[in-house]
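Everything numeric in this text was worked out from a predicted model, so none of it was measured. Worth knowing before you read on, the calculation uses all heavy atoms, side chains too, and leaves out hydrogens, waters and symmetry mates.
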Amino acid sequence: MTLLEAKGLRKAFGGVVAARDVSLTVERGEMVALIGPNGAGKSTVFNMIGGQLRADAGSVLLDGVAITDATPQDRFRKGIGRTFQVAQAFLSMTVLENIQMALISRHREALRLWTPARERYREDALQLLAQVGMEGTANRSCAELAYGDVKRVELAIALAGDPKLILMDEPTAGMAPAERSALMELTDTMTRSRRLGVLFTEHDMDVVFGHADRVLVLLGGQIIASGPPEEIRRNPKVREAYLGDTHGLRPLLTSSP
């Protein structure tokens, strides 16, 4: 059964249609990139799948179950983790406390006041940090970390929900090249080993063509192409949409495989 299926998603803001009849799928163990120039509608589509925006039309199914009207919190508990373009972590908390809070939320225990939060799920949190290579920073404040490390903490927060699917919005934004490579290699490894589905947006085309199993190209709120990276390189619609742009795709489209 398909892990994620979005069908006929539409969203308008006043008279501006940001997404129209967008349909896509993500399978278990698959990394899918959603790309397009600024204003193409990527964030709108992402937020409809994540629950931050309510679609005007269409549906979203996870493991065949409709979640179209579910809140972001409900989607988290049903198996959708998310990272954001600007990393979302509690900078005033330690790294470990951030993961513990995510685990507490997953288990719906935020109002269970008779046990101190710092005592809950400590070992589980440490195991998650080990998975993203951050166990050595457990007792440090997130405010002290390099930005690339905060991104790893955010990934551990997403994993705390025991997700089937992870949505990653510009996962390497603001990171140095070496940090980008390390984060995406980690994501790739976890996708295969845990049979996760990953849907990500990204402006760095080296990241897209280096890690995506399939690429979806969005333009004017519509998907104009979908396929393996090398097929997307050769697609005439994609070439026409990007040739002469400033988004960094042209060299990758015109270079030899």
Side-chain angles (χ1 to χ4, degrees), residues 1-7 9 22-37 40-43 45-46 48-50 60-64 79-85 131-132 151-152 154-155 158-159 161-173 175 177 179-219 222-239 241-242 247-257:
M1 179 180 293
T2 294
L3 176 59
L4 173 72
E5 184 176 11
K7 299 190 291 187
L9 293 180
V22 173
S23 298
L24 61 86
T25 61
V26 179
E27 305 294 339
R28 290 171 181 80
E30 183 183 39
M31 292 182 66
V32 178
L34 179 66
I35 68 171
K42 301 187 300 296
S43 293
V45 172
F46 228 63
M48 285 190 287
I49 293 172
V60 180
L61 290 83
L62 184 69
D63 264 342
I80 296 182
R82 176 157 187 184
T83 69
F84 293 83
Q85 182 175 354
Q131 290 181 35
V132 300
K151 286 278 194 175
R152 284 177 176 259
E154 188 185 37
L155 180 56
L159 291 172
D162 192 22
K164 306 170 184 177
L165 172 75
I166 296 182
L167 306 177
M168 303 181 77
D169 189 1
E170 298 282 352
T172 68
M175 299 176 72
E179 292 177 319
R180 294 176 192 174
S181 178
L183 180 68
M184 294 310 294
E185 287 175 7
L186 172 64
T187 303
D188 200 317
T189 298
M190 289 193 304
T191 300
R192 316 305 173 192
S193 64
R194 297 173 61 134
R195 298 291 295 165
L196 299 173
V198 174
L199 177 66
F200 69 99
T201 65
E202 183 58 64
H203 276 104
D204 186 326
M205 291 300 110
D206 287 325
V207 169
V208 170
F209 285 94
H211 294 279
D213 298 300
R214 194 156 44 92
V215 181
L216 312 176
V217 184
L218 197 66
L219 186 68
Q222 295 180 293
I223 292 177
I224 64 167
S226 172
E230 292 307 324
E231 181 180 310
I232 293 300
R233 286 182 194 268
R234 299 188 296 268
N235 187 292
K237 289 184 179 180
V238 178
R239 287 175 176 269
Y242 275 97
H247 302 286
L249 185 58
R250 181 177 182 175
L252 284 155
L253 288 175
T254 55
S255 64
S256 300

Notebook entry, point to check: Is there a donor-acceptor pair closer than 3.5 Å between any side-chain N or O of T201 and the backbone N or O of E170?
Noted result: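 Indeed, once roles are kept as given, a pair shorter than 3.5 Å links the two residues.
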Item checked: Student check: side-chain heavy atoms of F200 and T187 closer than 4.5 Å ->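 The answer is no; the side chains never approach within 4.5 Å.
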Notebook entry, point to check: Which residues satisfy the side-chain contact (heavy atoms from CB on, under 4.5 Å) test with R195, sequence neighbours excluded?
Noted result: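 Here the qualifying residues are R28.
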Next item on the list: Can you sort out the partners of T25 under side-chain contact (heavy atoms from CB on, under 4.5 Å), two or more places apart, ordered by chain and number?
Entry: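 Partners of T25 under the side-chain contact (heavy atoms from CB on, under 4.5 Å) test: T2, E5, E27, R214.
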What distance do [X] atom [atom1] and [Y] atom [atom2] have between them, rounded to the nearest 0.5 Å?
X	Y	atom1	atom2	value
K42	H203	NZ	NE2	4.0 Å
M175	M184	CE	CE	9.5 Å
K151	T172	NZ	OG1	7.5 Å
I223	I35	CD1	CD1	11.5 Å
K237	I224	NZ	CD1	7.5 Å
L4	L61	CG	CG	8.5 Å

Which pair of heavy atoms, one from [X] and one from [Y], lies closest together, and at what distance?
X	Y	answer
P163	R194	CD-NH2, 4.5 Å
T83	M168	OG1-CA, 3.3 Å
D213	P229	O-CD, 3.6 Å
I49	I80	O-CD1, 4.3 Å

Note to self: With side-chain contact (heavy atoms from CB on, under 4.5 Å) as the test, pick out the partner of L24 among V45, L218, V32.
What the structure shows: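 When side-chain contact (heavy atoms from CB on, under 4.5 Å) is applied between L24 and each of V45, L218, V32, only V45 qualifies.
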